[in-house]
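Read through the structure below, which is laid out as structure tokens, and then see the notes.
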Amino acid sequence: MKEKELRRSMSVFPIGTVMKLTDLTARQIRYYEEQDLIHTERNEGNRRMYSLNDIDVLLEIKDYLTDGLNMAGIKRIYEMQEKEKLSFQNSTHQLTDHDVRRILYDEIVSQSGMIGKSKDSFQSGGPRL
DNA sequence: GTTCTCACA
DNA sequence: TGTGAGAA
């Protein structure tokens, strides 16, 4: 049933709708697009149009951000997924998107996952870079 | 009224 | 990332 995938990939929402659905600012949404985290289409008026898929990705990004990941970490997750599609295409292991995502998430969080903590201990009057 | 691009505090 | 200017 590829029908749904097609529909999910149809860019039909203006940025205003996406803002409400994701609680992100227009600035952030456009920035993530610039970072190649999502790929929007433009309509006749040069307006960005977003698909349900884009919204899903944006929602994920927001979760990653909440857990202290930075743009670099998030980009890795999505770069890795593309890489995985190209190189494991012919079925040595069959990890699902979800599996790949969870594995990378765990790795990255455990490496740079203490951002929030160090932030707290350095917050007031702490040393500046 | 909404969104776009670009620039700057 | 936020915000404002000027245009579409």
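In the text below, chain A, chain B and the rest are named by the order of the sequence lines, each starting its count at 1.
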How close or far is atom [atom2] of [N] from atom [atom1] of [X], stated in whole angstroms?
X: A:I29; N: B:dT5; atom1: CD1; atom2: P; answer: 13 Å
X: A:R48; N: C:dA8; atom1: CZ; atom2: C1'; answer: 14 Å
X: A:E41; N: B:dC4; atom1: CD; atom2: P; answer: 14 Å
X: A:Y31; N: B:dC6; atom1: OH; atom2: P; answer: 16 Å
X: A:N46; N: B:dT2; atom1: CG; atom2: P; answer: 18 Å
X: A:I15; N: B:dG1; atom1: CD1; atom2: P; answer: 19 Å
X: A:F13; N: B:dT3; atom1: CZ; atom2: C1'; answer: 17 Å
X: A:Q28; N: B:dC4; atom1: CD; atom2: P; answer: 15 Å

[X] side-chain N/O to [N] phosphate OP1/OP2 under 4.0 Å:
X: A:T25; N: C:dG2; value: yes
X: A:R30; N: B:dC4; value: yes
X: A:Y50; N: B:dT3; value: no

Exercise. So, does the side chain of A:R47 form a donor-acceptor pair with the base of B:dT2 at under 3.5 Å?
Worked result: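 Answer is yes: a donor-acceptor pair is held.
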
For this session: Please determine, by modelled atom types, if A:R42 and A:N46 share a side-chain donor-acceptor pair under 3.5 angstrom.
Result: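 Yes, A:N46 and A:R42 have a side-chain donor paired with an acceptor closer than 3.5 Å.
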
Problem set entry | Distance-only donor-acceptor check, side chains A:D54 and A:S51, under 3.5 Å |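 Side chains of A:D54 and A:S51: pair found under 3.5 Å.
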
Problem set entry | Most 5' of A:L65 and A:G45 on DNA chain C, judged by nearest nucleotide |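 Going by which nucleotide is closer to the 5' end, it is A:L65.
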
Problem set entry | Any A:I38 side-chain heavy atom under 4.5 Å of A:Y50 side chain |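 Contact flag for A:I38/A:Y50 side chains = yes.
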
For this session: Name the pairing partner of B:dT5, where a pair is Watson-Crick or G-U wobble with both distances under 3.5 Å, or state none.
Result: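 When the pairing criteria are applied, C:dA5 turns out to be the nucleotide that pairs with B:dT5.
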
Exercise. Is the side chain of A:K62 donor-acceptor paired with the backbone N or O of A:T22 at a distance under 3.5 Å, no angle test?
Worked result: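 Yes, because the side chain of A:K62 sits within donor-acceptor range (under 3.5 Å) of the backbone of A:T22.
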
Exercise. Does A:E3 come within less than 4.0 Å of A:R7, counting only side-chain N to carboxylate O?
Worked result: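 So A:E3 pairs with A:R7 through a salt bridge.
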
